[in-house]
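Here the structure is laid out as structure tokens; the discussion comes afterwards.
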Amino acid sequence: MKISARECALQVLVACRKNHAWADAALQSALRTNELSAPDAALCSRIVYGVMQNKRLLDWYLAAYCTQKIDHLQPPLLDILRIGAYQILFLDKVPDSAAVNESVTLTKNTKRAAAAGLVNAVLRKIVQNKSDLPPLPSGETEYLSVKYSHGEWLVERLLGILGREETEEFLRLNNESAPMTVQVNPLKTTEIDLIQELESAGITVRPHPWLAGCLELSGTGDLTTLSAFYNGEFTVQDAAARLVTYAVGFRRGDKVLDVCAAPGGKSFAAAFAMGNEGSILSCDLHENKLKRIREGAERLGITCIETAATDGRVFREEWSEAFDVVLCDVPCSGLGIIRKKPDVREKAAQELTGLPTIQSAILDNSARYVKSGGVLIYSTCTILPEENERVTDAFLASHSDFTYDTFSVPTFDDVAGHITLWPQKHGTDGFYICRMRKGKHD
């Protein structure tokens, strides 16, 4: 039996709450299982991401009109109220009456008929007061936290790093959709040919404004259904991650170790840059992730990649000083990719306290695999200094044979060893790239 877009959205939000599922993965699974039409899939996706992006703000308004404390509501009533409130406050094309009535229907369909009156009353109050909603908190941190639905600890950290104006812009952008950026596979096609093929499939394509070989797509639907994807003519990769390839400056024949490779994007980009010559050893702890890398390489026509299951913190004697380039894209808080993973904003500060220790351990160990004259890359998809430059500064302080190594990438000339990219400054994911050299170049 087919379900509606709103029922599917509720399934996803319940899975996120009960099973701690990531919204993007839970959404894709639900869309595949329920086989929604394209318009329904688009509405379901918009509701899921919209609720995740605005949860604190929605709860602020719901609490003002609900006679019960909203965190005391019986599940999944709060999820249903959020779905209704989001449509009323953010989706102009959905009539208020439809948002209310469909939410009442959801309540009944989930065997909560006794609560249908409460859902109806709260959402009707939001409709009635839509142009005169309760004021947000007056304190700077709490105001930004509620308005843009980010944790207060994160807002405080950002205010200390960026100041008020840039912090608000960063938070605002996190509630917008990130562009879908793909890299052309030069082993199989050209930028011009791929653009023509994608446009003939009804996709809107724009060459990336400052990064050759990358395209920004819209109107894609499920990318994996495209023949260009099936045939391996492109891979999905944000511009920030793509810049790692430029920072390295790969050469044909390089011997490369990608220490934390899954899902494989940087290994694939390295293979493209090397013309599928040389060798790339892509590592991860888990075999199921390595399987995905091998499948991706096969789709893309890459033959220079091999995989190995290993812990980046555990030394492998046979790899000692064996590689021209070692990539360390380490596990991190992910605070630079909130646009793509809205759930990340809900992480508590204490969840992140152990990360720098893990990151440092991986970097320390990986440095042992770099040849004299070789390059060591450290990167993250976060913007916190304690996971970025503080890790690399501490590493260099205890490894006198390594130094920051100046590099150039598109739009950034002579980067003095490391750079943090920001969505509000550079239009990319939040990302950190550091290039270090062991000894002197050959």
Exercise: do Ser267 and Asp258 side chains pair donor with acceptor under 3.5 Å
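Their side chains do contain a donor-acceptor pair, which is all the 3.5 Å distance test asks for.
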
Side chains of Ser282 and Thr307, donor plus acceptor under 3.5 Å:
no

Is there a side-chain contact between [X] and [Y], using heavy atoms and a 4.5 Å cut-off?
X	Y	answer
Trp422	Phe431	no
Phe395	Met436	yes
Leu194	Lys188	no
Cys381	Cys332	yes
Leu335	Leu154	yes
Asp284	Cys260	no

My understanding is that only one of [options] makes a side chain to side chain contact (heavy atoms under 4.5 Å, CB included) with [X]; could you say which?
X	options	value
Met274	Asp254, Val248, Thr245	Asp254
Ser103	Leu10, Ile88, Ile80	Ile80
Phe323	Leu376, Leu257, Val375, Ile280	Leu257
Thr428	Leu243, Thr181, Asp238	Asp238
Tyr432	Leu384, Val391, Val330, Thr420	Thr420

Could you walk me through whether Phe268 and Asn185 pass side chain to side chain contact (heavy atoms under 4.5 Å, CB included), step by step?
CA-CA 9 Å; Phe268 301 153; Asn185 180 358; over 6 Å; no

Show me the donor-acceptor pairs, under 3.5 Å and distance only, between side chains in residues 349-358 and residues at least two apart or in other chains.
unit_1, atom_1, unit_2, atom_2, d
Glu351, OE2, Ala348, N, 2.8
Thr353, OG1, Gln350, O, 3.0

Between [X] and [Y] (side chain of the first, backbone of the second, donor and acceptor by atom type, cut-off under 3.5 Å), is there such a pair?
X	Y	answer
Asp311	Arg313	yes
Asn276	Ile302	no
Gln87	Ile83	yes
Arg345	Ser149	yes

For Ser29, which residues count as a side-chain contact (heavy atoms from CB on, under 4.5 Å) partner, sequence neighbours excluded?
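Checked Ser29 against side-chain contact (heavy atoms from CB on, under 4.5 Å); matches are Arg32, Thr33.
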
Ser4: partners by side-chain contact (heavy atoms from CB on, under 4.5 Å), with sequence neighbours left out:
Arg6, Glu7

Any salt bridge linking [X] with [Y]? Criterion: basic side-chain nitrogen under 4.0 Å from a carboxylate oxygen.
X	Y	answer
Lys255	Asp324	no
Glu306	Arg294	no
Glu216	Arg206	yes
Glu386	Arg157	yes
Arg172	Glu168	no
Asp24	Lys340	no
Asp393	Arg390	no

Straight-line distance of Leu327 CG to Phe250 CZ, nearest 0.5 Å
4.5 Å

Between CG of Leu171 and CD1 of Ile338, what distance do you get to the nearest 0.5 Å?
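Here the rounded value is 8.0 Å.
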
Please step through side chain to side chain contact (heavy atoms under 4.5 Å, CB included) for the pair Leu89 and Ile126, ending with a clear verdict.
CA-CA 8 Å; Leu89 297 175; Ile126 289 180; 3.9 Å; yes

Is the distance between the ring centroids of Tyr378 and His418 under 6.0 Å?
no

Aromatic centroids of Phe407 and Tyr246 separated by under 6.0 Å
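That pair fails the under 6.0 Å test.
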
Please evaluate residues Arg164 and Leu144 with respect to the criterion side chain to side chain contact (heavy atoms under 4.5 Å, CB included), reporting the C-alpha separation (whole Å), side-chain torsions for both, the decisive distance (0.1 Å), and the verdict.
CA-CA 9 Å; Arg164 169 62 185 260; Leu144 292 173; 3.9 Å; yes

For [X], give me all partners under salt bridge (charged side-chain N to carboxylate O under 4.0 Å, His left out), at least two apart in sequence or on another chain.
X	result
Glu321	Lys438
Glu346	none
Glu295	Lys291
Glu317	none

Listed partners of Thr224 passing side chain to side chain donor-acceptor pair (under 3.5 Å), at least two apart:
Asp222

The single option from Asp405, Thr392, Thr406 that satisfies side-chain hydrogen bond (donor to acceptor under 3.5 Å, both in side chains) with Arg435 is Asp405

[X] atom [atom1]: more than 12 heavy-atom contacts under 6.0 Å:
X	atom1	result
Glu298	CD	no
Glu287	CD	yes
Tyr230	OH	no
Glu318	CD	yes

Return the set of residues passing ring pair (Phe, Tyr, Trp, His ring centres under 6.0 Å) with [X] (not counting sequence neighbours), or none when no residue passes.
X	result
Phe234	Phe229
Tyr61	none
Trp210	His208

Taking distance alone, no hydrogens or angles, what donor-acceptor pairs closer than 3.5 Å link side-chain atoms of residues 47-55 to residues at least two apart or in another chain?
unit_1, atom_1, unit_2, atom_2, d
Gln53, OE1, Arg46, NH2, 2.8
Asn54, ND2, Gly50, O, 2.8

Go through the steps to decide whether His426 and Phe412 satisfy the test side chain to side chain contact (heavy atoms under 4.5 Å, CB included), and finish with yes or no.
CA-CA 10 Å; His426 310 113; Phe412 305 97; 3.3 Å; yes

Both conditions, 6.0 Å and 45 degrees, for the charged tip of Arg437 above the ring of Phe402: are they met here?
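Cation-pi check for Arg437 and Phe402: fails.
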
